[in-house]
Amino acid sequence: MPTLKPLDVVDIDKIQADFPILSREIKPGTRVTYLDSTATTQKPLQVINAMDDYYRKSNANIHRGIHYLAEEATALYEDARARIAKFINSPSAKQVIFTRNTTESINLVAQTWGRKNLQSGDLIILTEMEHHSNLVPWQMLASELDLRLEFVPVDDAGLLDLEAYHQLLKQEPKLAAFTHMSNVLGTITPAEQMTANAQAAGARVLIDGAQSVPHFSVDIQALGADFLVFSGHKMCGPTGVGVLYGQKELLEEMPPFLGGGDMIKKVELRTFQANTIPHKFEAGTPAIAEAIGLGAAVDYLLEIGMDEIAAQEQVVVNYAIERLSEVPGITIYGPEGKERGGVTSFNMEGVHAHDVAQILDGDGIA
Ligand code: PLP
């Protein structure tokens with residue numbers, strides 16, 4: 001029987017010890033085997049401690065108080081933003097907007113950039129492998145503004161039909177919005193090439209990085225996309241914080257999303273002047289501890305190394321596919337080789353997916 005061998009470059013025992021939840025027994029003698037990281041990852045002590053420290057030592061509101069704690073909290077929050085900007089190689093921390101999650105980041109773009117720049121008959125290109133969060137916001141906008149939505153098909157190997165994409169680009173879309181890595185099939189899309197093609201056709205590009213940013217090195221300047229969105233909770237960070245990266249000129253032109261405190265530079269009874277970026281898009285008291293936790297998560301991932309994480313995930317996913325293939329009646333979906341990230345989905349003939357999940361759960365497997 002083949003065994004799962006971690007790469008020499010990653011210290012699995014040390015990493016496992018960082019995650020307290022992994023030593024939990026789901027029932028006597030059965031430790032949890034957590035295979036549900038596309039939904040949300042577990043959190044290492046480094047992230048839990050950063051948030052705990054903030055609440056124990058530095059808790060205050062940010063950007064408003066003139067006192068020691070307020071200034072310390074503001075510095076911690078802004079420092080987290082700077083580290084996240086560096087993580088994705090954003091030219092400036094001002095281009096990193098804190099949101100609640102990927103979903104909110106996409107809705108922000110739809111409701112601000114979309115409403116301002118799109119009109120009846122305009123085309124948005126999506127793909128058939130999008131998460132609901134990169135589908136429904138565009139459906140909502142399309143029905144409001146009478147836009148057209150077209151979808152790049154997925155072939156039997158789990159890859160995007162790029163010929164169909166090129167044909168759609170000839171229709172001069174205003175936006176192409178697509179995932180960098182599918183949460184269902186694990187497909188890693190050729191995002192850099194697709195971005196260049198769309199921009200050459202005059203479209204703006206939004207990349208859903210919810211599954212890519214956590215799992216391999218993503219350089220937004222190399223990708224060249226106009227917008228990149230992702231969630232903290234899928235990259236060892238806390239829930240309640242996500243990111244919208246945008247091209248500076250676009251963010252500056254976009255109207256605010258939500259109105260309230262912090263997003264204004266000047267306000268009178270009947271008018272307001274919007275703040276500069278990133279604050280223009282961060283109305284109200286943000287998720288301060290969560291942003292700080294996400295900064296700690298980025299440090300944590302970098303300490304292991306994004307290339308090392310990606311390489312180890314290849315080892316694990318190839319092992320999973322090899323062993324699953326030994327089970328009679330199993331069909332595995334998604335592409336092979338380098339075009340697949342650390343995800344595998346499968347169907348077991350004659351057994352409902354719900355039952356498979358419940359039986360695995362009986363052995364502590366999430
Ligand atoms: N996009 C992809 C590819 C995802 O996998 C997910 C979540 O599973 C999302 C978007 C939505 O993320 P969130 O629920 O954090 O907004």
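Each ligand, and each atom within it, is numbered from 1 in the order the structure gives.
- Counting only heavy atoms from C-beta outward, the side chains of Leu251 and Ile97 approach each other to under 4.5 Å.
- No donor-acceptor pair closer than 3.5 Å links the side chain of Asn134 to the backbone N or O of His131.
- Applying the under-4.5 Å side-chain rule to Ile, Leu, Val, Met, Phe, Trp and Tyr, the cluster around Leu35 extends to Val317, Ile321, Leu324, Val327, Ile330, Ile332, Phe346, Met348, Val351, Val356, Leu360, Ile365.
- Evaluated for a ring-ring contact (aromatic ring centres under 6.0 Å, His included) with Phe98, the options Tyr77, Phe230, Phe281 yield exactly one hit, Tyr77.
- Side-chain contact, Glu78 with His63: a donor N or O sits under 3.5 Å from an acceptor N or O.
- In this structure, the side chains of Val205 and Phe227 stay at 4.5 Å or more apart for every pair of heavy atoms.
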Contact table, ligand 1 N/O with protein N/O, distance under 3.5 Å:
from, atom 1, to, atom 2, distance (Å)
ligand 1, 1 (N), Asp208, OD1, 3.3
ligand 1, 1 (N), Asp208, OD2, 2.5
ligand 1, 5 (O), Gln211, NE2, 2.7
ligand 1, 8 (O), His131, NE2, 3.4
ligand 1, 8 (O), Lys234, NZ, 2.6
ligand 1, 15 (O), Ser231, OG, 2.6
ligand 1, 15 (O), His233, NE2, 2.7
ligand 1, 16 (O), Thr102, N, 3.4
ligand 1, 16 (O), Thr103, N, 2.9
ligand 1, 16 (O), Thr103, OG1, 2.5

